[in-house]
Structure formats: structure tokens, C-alpha cells
Amino acid sequence: MRIITFGTFDMFHVGHLNILERARSMGDSLVVGVSSDALNFAKKGRYPICNQDDRMRILAALACVDKVFVEESLEQKAEYIQRYGADCLVMGDDWSGKFDHLNTLCQVQYLPRTPAISTTELIEVVRSA
Ligand code: C2G
């Protein structure tokens, strides 16, 4: 079973590692769509701290990740699922319900987020240090 997931994975932290390891353990391979810098700018009005090439290199180096690609648009998930032959889409539960319409193409599973850590909180902690 091939699993697919998506994310920015900026300032990579243990919450990111947890969801990727859990996603990988649900199947035989894990493909990760990494949100492009441009997509982040469009979505959040700022660029990620780490650029997309570095974010992709970090993900590609993980034992639990088999393949990475650039996610250019949030609306292209159906196309990516088909292109990479994914059987299951895994996302954190901050996205709960948002991708249910894709369950005609593959299973859709939401996993609980790791509490008390996020890129936003890391930025705040560093800023106020
Ligand atoms: N995550 C988690 N626990 C945390 C923080 C993040 O499980 N404490 C999960 C998120 O739920 C998500 C993944 O890690 O599934 C990546 O998180 P982000 O980089 O914040 O992803 P996001 O910017 O939400 O981009 O197409 C969807 C987007 O690309 C998702």
C-alpha cells in the first residue's frame, strides 16, 4: 500500500517526524508532497524560513520517506494522488474533513497532531529569546 502526505515541513521538528513515521507504518512506501515556497507565500503571505530545496533535502534524507515532490497547488491533490498511485492520503487532524472528497480516489486518514510543538511556536520562542 502506497501512502501520500503533504505539508510545508518548515523548521523540521519532531511533530513532523511523528506524522511521517506513523504514515509510513500504515503502508509499504511513503510519498511526500512538499508545499512550494510560492504556495506558502500565496497561502500565508510569507515565505517559509527554510526554502523548498532545503526542506525537500531534509525530507528525502529520512528513512521513513521514499519519495518527495513539490506541491505547487493545494487544488491538485487528486492529480498528485493519481500520478503517484497512492492508495491512502494521510494528513494531520488540523485538516480533518478537508480532504474527504478525495475518498473516491483513495482512503483518507487524519492522524492526531503531536501536541505542544509547531513551526509557529518555534518562531515565537526564538523571537522572544
Ligand atoms: N503536524 C503534526 N503535529 C504537529 C505539527 C504538524 O502532526 N505538532 C503535521 C500536520 O498536521 C501536517 C504535517 O505535520 O500533516 C505538516 O505540517 P505543516 O508543515 O504545518 O503543513 P501545512 O503547512 O499545513 O501544509 O496541502 C496541504 C499543505 O501542504 C499542508
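Atoms within each ligand, like the ligands themselves, are counted from 1 in listed order.
Hydrophobic clustering (ILVMFWY, side-chain heavy atoms < 4.5 Å, transitive): M26 and V68 are in one cluster.
Taking a cutoff of 4.0 Å between a charged side-chain nitrogen and a carboxylate oxygen, D37 and R55 qualify as a salt bridge. Looking at E124 and R127, a side-chain N of the basic residue comes within less than 4.0 Å of a carboxylate O on the acidic one, giving a salt bridge.
T114 and N18 share a side-chain donor-acceptor pair at under 3.5 Å.
Under 4.0 Å from any atom of ligand 1, one finds heavy atoms of residues F6, G7, T8, F9, H13, G15, H16, I19, S35, K43, K44, E71, L74, K77, M91, G92, D94, W95, R113, T114, I117.
Residue-environment remark: CZ (R83) exceeds the threshold of 12 foreign heavy atoms within 6.0 Å.
By the 6.0 Å and 45° rule, K77 stacks over the aromatic ring of F6.
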